[in-house]
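To start, the structure under review is shown below, and the notes come after it.
Note that ligands are numbered from 1 as they come in the structure, with each ligand's atoms numbered from 1 the same way.
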Amino acid sequence: MAVKQDLRTPIVSVMGHVDHGKTTLLDRIRGSTVAEGEAGAITQHIGATEVPIDIIVNKCGNPDLRNKFIVPGLLFIDTPGHHAFTSLRSRGGSLADLAIVIIDINEGFMPQTIESLQILKRFKTPFVVVANKIDRIHGWEAQKNAPFIVSYNKQADNVKAELDRKFYEIVGELYEAGFNSERHDRVSDFQRNIGIIPISAMTGEGIPDVLMVLLGLAQRFLEGNLHYNANGPGVGTVLEVKEEKGLGTTIDVILYDGTLKKGDMIVVGSLGKPIQTKVRALLKPRPLSEIKAEEKFKQVQSVTAAIGVKISAPNLDSALAGSPVRVVTPENIDAISDEIQNEIEDVQIDTDAMGITIKADTIGSLEALVNELKKEEIPIRKASVGDVSQRDIVEIAAIEDPFYKVIIGFNVKVLPDAKEKLQDSDIRSFMSDIIYRLIDDYEDWAKEQKELAEKEMTEHIVKPGRFQILPNCTFRQSKPAVVGVKIIGGVVKTNVDVTTEDGTVVGKVKGLQLSGENISKARVGMEVALALEGPTVGRQIKEEDFLFVNIPERHAKTLENEIYDTLTADELETLDAFLEIKRRGNPFWAK
Ligand SMILES: Nc1nc2c(ncn2[C@@H]2O[C@H](COP(=O)(O)OP(=O)(O)OP(=O)(O)O)[C@@H](O)[C@H]2O)c(=O)[nH]1
C-alpha cells in the first residue's frame, strides 16, 4: 500500500489546559524536524504545518512502515486550543479530523481538559491524549527525541513506578469523563480505547509515538472522509481574519477540498450578507532562508487541499472566523451565497422568543455554546458573534424577567461604552473562555435566584387556614374576643384577617396560645386559644362556627398558579373551600 493520490492530509488540532504544553508540543513537532536537517521537507503553511509521511516514518526509525500508510502526512493547526478547534468548522461539524489533548502529567485534569474532551465527544473527533512533561518526574533521565518505550526502559524502577502512578490517575479521570483509555502501546482497538502517550514536549521523548498514533488513527477512522477532488472548486474555512500591513484585511483559510487560484471568484461568510469578492493574491509564508525585511509572504498562483493559505482580496473587513469560503462561478455565485448565509443564520437565529442573550468570538464557538445551552434546556433569545456592545445592553435592560436579564459571553470583551451601562444596570453578566464554566455559573446563579424568590414568596404569602370555634370555650366576649379553636385545615398565624363561611371579614388574629404559651402559628389538628380583634362572640361570630383565614386576592393567585404543588393535602382542601366561597359571588376572583 502506498499514499493514495486522492487522499488529502488529515487536519490535526491540539487542545488542552493553559500551560500544559500545547505550544511547546507544536514547536517540537515543527522544530525537531527542522533540527534534524529536514528543513526543506516540512512545509510551513499559513496557520498550519504540514509534516509529510516520509518524515514521520523516518522519525519513527522504521522505513518499512512507509508502505503501511496511505495518507500523505499530517497537517497541524498552529493555533492551539479549543478556540481554534471550534473555528475550524464545516457545516456544523468540525474540520479538524484528529485532535491531541495534552495534559500535564504532574497536574492531571484541569477545567479546559474537560472542556476539550466535551467538545471532541460532541464532534465525534478521534483523538489521542498526551501526558506531557514526563521529564519533570523526579529522577527522570531524559533521552532526547526517543520513542517513549525506549526512554521508559532506561529509567530506574522507582521513576517508572512514579510515572505509572501519575499515568493511572489520568486513566481514572478519563474514565470519569466517560472514556476508556490505556497506554498507547497497549491499545489494540483504538475505537474502544483512547490511547494515552506519555511524552515530554521539551525533550522530544514520545514525539515519534504521537506522530505514529495519529497516522494510525487517520488510517483507521478517516479514510472515507479524506477523499478530495483536486480539480474541484476550492472549499475552506476562515481560521482568522487579520489586518496585514500593505494588504489590508486578509483571511487565513484552511482549504480542505479542491483547488483555489489567484483571480478566482469566492464567497466568504460574514455577519451580514456573504462577501462576494475576487482573490487578489494567495500568500504563503516565505521560507526562513528567504526572508527579506518587510516580505513575510510569498505569492503563489494556486493551492490544493489540504492547505493553509492567506487570501488577500477586496472587502474582507466583515469576514467571520469559522465561516465558509467557497470558489464560485457566475452561474452559481448567488445560490452558494444563499447557502452560506443560511448556514450562518442557522447558528445565529435558531433562538427562542424569550431567553438569555449570548455572544461569542467566532461562529464555531457560538455554535458550541448554543449547543451546550440547549442541552441544558436554557432558552436563548439572541445569539451573535462579536463583543458585547451598548446596543446589546440596551436590549437586555428592557427584558423584565430577571432570569433572562442575562448576558453570557464566551471569549469576548465588553466594549468600553457598554461597560458603564452594564455596571449601572441590573443585568447579570457571565464572561469566560470556558464554555462549561459559563453554563455552570449561570445554572448555579439561576438556581439560587429561584430558591430566593420562592423563599421570599412563601414567607410572605398568606397560606390557607380553617378553624372551628369550640363549644363552651369562650374566654372573653370581645376586644378582643378570646375563644378556644381547633384548626381543621392549613395553618393560622397571628395578624391574618379572618372571614366567616359567607365571605365576610370579621376581624384579625391578635394572638395564639397553646397551654398558656404564646405561639405565632397553629397547624392543622391543634387546639389553641385564639384572640380575635373585631367581632363579639354571639353577634358576628358564634361558638361552633367555621372560620377561614382571609387570603388576599393576589396571594390566592400565587397559591393557585405558582406554588399549588408545594401545598399539603389539607392546605389544598382548605384553599379550594376558601376559593369556592370567594367565587360564589365573583367567578373570576383571583383568576
Ligand atoms: N519540563 C517541561 N516543561 C514543559 C514541557 N512542555 C511545556 N513545558 C513548559 O510549560 C510551560 C507552558 O508551555 P506552553 O507550551 O506555553 O503551554 P500552552 O499549553 O501552549 O499554554 P498556553 O498557550 O498559555 O495555553 C512553558 O514554560 C514550557 O516551557 C515539558 O514537556 N517539560
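Any N or O atom pair closer than 3.5 Å counts here, and L25 shares no such pair with ligand 1. Residue I199 has no N or O atom closer than 3.5 Å to an N or O atom of ligand 1.
Nearest to atom 13 (O) of ligand 1 by heavy atom, out of V14, T24, L26, I105, is T24. Looking at D135, I137, I134 and measuring to atom 2 (C) of ligand 1, the nearest heavy atom belongs to D135.
The parts of T23 lying near ligand 1 are both backbone and side chain, judged by heavy-atom distances below 4.0 Å. If you look at R136 next to ligand 1, the close heavy atoms, those under 4.0 Å, all belong to the side chain.
The atoms of ligand 1 that sit less than 4.0 Å from any heavy atom of H17 are 19 (O). Listed by atom number, the atoms of ligand 1 under 4.0 Å from M202 heavy atoms are 1 (N), 2 (C), 3 (N), 4 (C), 29 (O), 30 (C), 31 (O), 32 (N). Proximity to V18 (heavy-atom distance under 4.0 Å) selects the following atoms of ligand 1: 24 (O), 25 (O). Interface of D19 with ligand 1, defined as ligand atoms under 4.0 Å from a residue heavy atom, comprises 10 (O), 12 (C), 17 (O), 18 (P), 19 (O), 21 (O), 22 (P), 24 (O), 25 (O).
For the pair N132 (side chain) and A201 (backbone), a donor-acceptor distance under 3.5 Å is present. Within the 3.5 Å criterion, the main-chain N or O of S200 finds no donor-acceptor partner in the side chain of D135.
Counted by atom type alone, S151 and E205 present one or more donor-acceptor pairs between their side chains at under 3.5 Å. Side chains of R437 and S432: a donor-acceptor N/O pair is absent below 3.5 angstrom, by distance only.
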Report, one line per pair, each donor and acceptor closer than 3.5 Å where one atom sits in a side chain of residues 185-195; sequence neighbours left out.
unit_1, atom_1, unit_2, atom_2, d
D185, OD1, R183, NE, 2.8
D185, OD2, R183, NH2, 2.8
R186, NH1, Y168, OH, 2.8
D189, OD1, Q191, N, 2.8
Q191, OE1, R220, NH2, 3.3

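A salt bridge links E372 with R122: the closest approach of a Lys/Arg side-chain nitrogen to an acidic carboxylate oxygen falls below 4.0 angstrom.
Shown here are the salt bridge (charged side-chain N to carboxylate O under 4.0 Å, His left out) partners of E376, two or more places apart in sequence or in another chain: there are none.
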